[in-house]
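Right, one structure below, let's go through it.
Here the structure is a predicted model, which is why all the values come from computation and not from measurement.
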Amino acid sequence: MPSHAPDRNLALELVRVTEAAALAAARWVGRGDKNAADQAAVDAMRLMLSTVEMDGIVVIGEGEKDEAPMLYNGERLGTGHPPQVDIAVDPIDGTRLTAQGRPGALSVVAVSERGTMFDPKHLVYMRKIAVGPEARDVIDITDTVENNLKRIAKALGKDVSEVTVMVLDRPRHQDLIEDIRRAGTRIRLIMDGDVAGAITAAMPDTGIDVLMGIGGSPEAVVAAAALKCLDGGLQCMLWPRNEEEKRLAQERGLDLNQVLTIEDLIRSDNVFFALTGITTGELVDGVKYVGRGAITESLVMRSLSGTIRRIRALHRWDKLMRISQVPYTGS
């Protein structure tokens, strides 16, 4: 491996980044202000990423779809010293969930070697299908929903009626939902958070077997980083919203018929991933306030070692505020 490649577990440093973003965003849970929550998470994430020993470039900066606060594509982060890495961030996966006090909001960051992350450019949506290790070799996004669900059920040793599909609750998914129902399969509809949905489908014992539908392209790259660590399966296809996006895709050499796999989205075997819960969901607990501090729960992964850590941390305001510029207390 080149000398500039990551040679230590950066994920253990990245979890401090997602913890800071989750703690900053948690103050805005249920307060109805998506942008304020997102801005708090972005500011905390940017500040903490600047302390990580790396020379990082943001390839996936969330926020472009709705002009929300964001860490922008091309931004340089870290101390500027090796290793040289690509960064994918989602300060809040589920800003609406946070603003409305609903379950499943996360703060997420992923890192891989420089030049290995797929850049979807202006195409902000993709069709997706995500599964865990047992079914990763049987999915085919170009095949019918029914055929995919039959193969997934067989790979999992289940009846089709026992399989559960997670789908974003959107009008664009009306036909997909009807196809799933006709196949006799269970459905879990979610408001937001398809990064969390893809990871949930790949994690054992969550009760979710597959994520299907159209979601964000940036989120697909972030999810691919996690699923690479989990040995899961993911297939995506770019989904232009209109003729203008189709034209721009052709001009920029993007193939709308290409099936993108995890290896296309993250071309590295050395991937680092961390997430921290903002509100309690399927994967982790959200931020819980206790006397003089808060408790967070995080998942930390590295693809090279296959290690997955679950970390519960107690954060004490009196200590943190002495050493951190992040405004963890107050509004």
Side-chain angles (χ1 to χ4, degrees), residues 1-21 38-39 41-65 67-93 106-124 126 195 216-229 234 236 238 248-249 252-254 260 262-276 300-304 326:
M1 186 176 289
S3 59
H4 58 73
D7 60 357
R8 66 185 189 281
N9 197 342
L10 278 174
L12 292 175
E13 298 177 52
L14 296 177
V15 72
R16 297 183 181 93
V17 174
T18 55
E19 286 174 346
D38 215 12
Q39 187 70 67
V42 165
D43 290 345
M45 184 168 274
R46 177 177 282 118
L47 183 63
M48 294 302 293
L49 279 170
S50 70
T51 69
V52 178
E53 193 75 5
M54 65 182 181
D55 177 7
I57 294 179
V58 176
V59 175
I60 300 297
E62 177 58 9
E64 293 171 304
K65 293 194 300 299
E67 298 182 353
M70 66 181 295
L71 289 120
Y72 61 87
N73 292 354
E75 185 172 354
R76 302 293 290 258
L77 291 168
T79 62
H81 302 127
Q84 295 180 335
V85 297
D86 287 347
I87 306 172
V89 297
D90 201 346
I92 302 180
D93 178 44
L106 304 171
S107 178
V108 177
V109 65
V111 163
S112 64
E113 294 161 278
R114 176 70 53 82
T116 59
M117 284 188 182
F118 179 81
D119 181 2
K121 304 186 188 302
H122 66 287
L123 291 179
V124 296
M126 289 183 179
V195 171
S217 297
E219 289 88 344
V221 179
V222 176
L227 267 62
K228 177 157 276 196
C229 299
L234 175 68
C236 306
L238 292 164
L248 287 172
R252 298 178 185 184
L254 295 172
L260 298 165
I262 291 176
E263 300 306 319
D264 296 309
L265 299 176
I266 305 282
R267 300 181 306 276
S268 171
D269 291 325
N270 198 12
V271 180
F272 307 86
F273 183 89
L275 67 82
T276 301
V300 184
M301 314 179 199
R302 185 184 186 186
S303 65
L304 194 63
V326 178

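Of the possible donor and acceptor atoms, one in the side chain of Asp86 sits under 3.5 Å from a partner among the backbone N and O of Gly115.
Atom CG of residue Leu260 and atom CG of residue Leu265 lie 5.5 Å apart, to the nearest 0.5 angstrom. A distance of 12.5 Å separates NZ in Lys228 from CZ in Phe272, rounded to the nearest 0.5 Å. To the nearest 0.5 Å, atom CG of residue Leu234 and atom CD1 of residue Ile262 are 5.5 Å apart. For the atom pair Ile92 CD1 and Ser107 OG, the distance stands at 7.5 Å (nearest 0.5 Å). Rounding to the nearest 0.5 angstrom, the gap separating the CZ atom in Arg252 from the NE2 atom in His122 is 5.5 Å. To the nearest 0.5 Å, the span separating CG on Leu71 from CG on Leu49 amounts to 6.5 Å.
Shortest non-hydrogen contact noted between Leu254 and Pro120 is CD1-O, 4.0 Å. Closest approach of Gly56 and Ile87 over heavy atoms only: CA-CD1, 3.7 Å. For the residue pair Met301 and Cys229, the shortest heavy atom distance occurs at CB-CB, 3.6 Å. When all heavy atoms of Leu10 and Glu53 are compared, the closest pair comes out as CD2-O, 4.1 Å. For Ala44 against Ala20, the heavy-atom pair with the smallest separation is CB-O, 3.6 Å. Heavy atoms only, all atoms of each residue included: Asn73 and Ile60 are closest at OD1-C, 3.7 Å.
Between Arg76 and Asp55 there is a side-chain heavy-atom pair separated by less than 4.5 Å. For the pair Val85/Arg114, no side-chain contact is recorded, criterion being any heavy-atom separation below 4.5 Å from C-beta on. At least one side-chain heavy atom of Arg46 sits under 4.5 Å from a side-chain heavy atom of Glu75.
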Could you walk me through whether Val109 and Thr18 pass the side-chain contact (heavy atoms from CB on, under 4.5 Å) test, one step at a time?
CA-CA 7 Å; Val109 65; Thr18 55; 3.5 Å; yes
_With side-chain contact (heavy atoms from CB on, under 4.5 Å) as the criterion, how do Val300 and Leu14 come out once you've worked through the C-alpha distance, each side chain's angles and the decisive distance to 0.1 Å?_
CA-CA 8 Å; Val300 184; Leu14 296 177; over 6 Å; no
Would Met117 and Ile266 count as a side-chain contact (heavy atoms from CB on, under 4.5 Å) here? Give the steps. CA-CA 5 Å; Met117 284 188 182; Ile266 305 282; 3.7 Å; yes
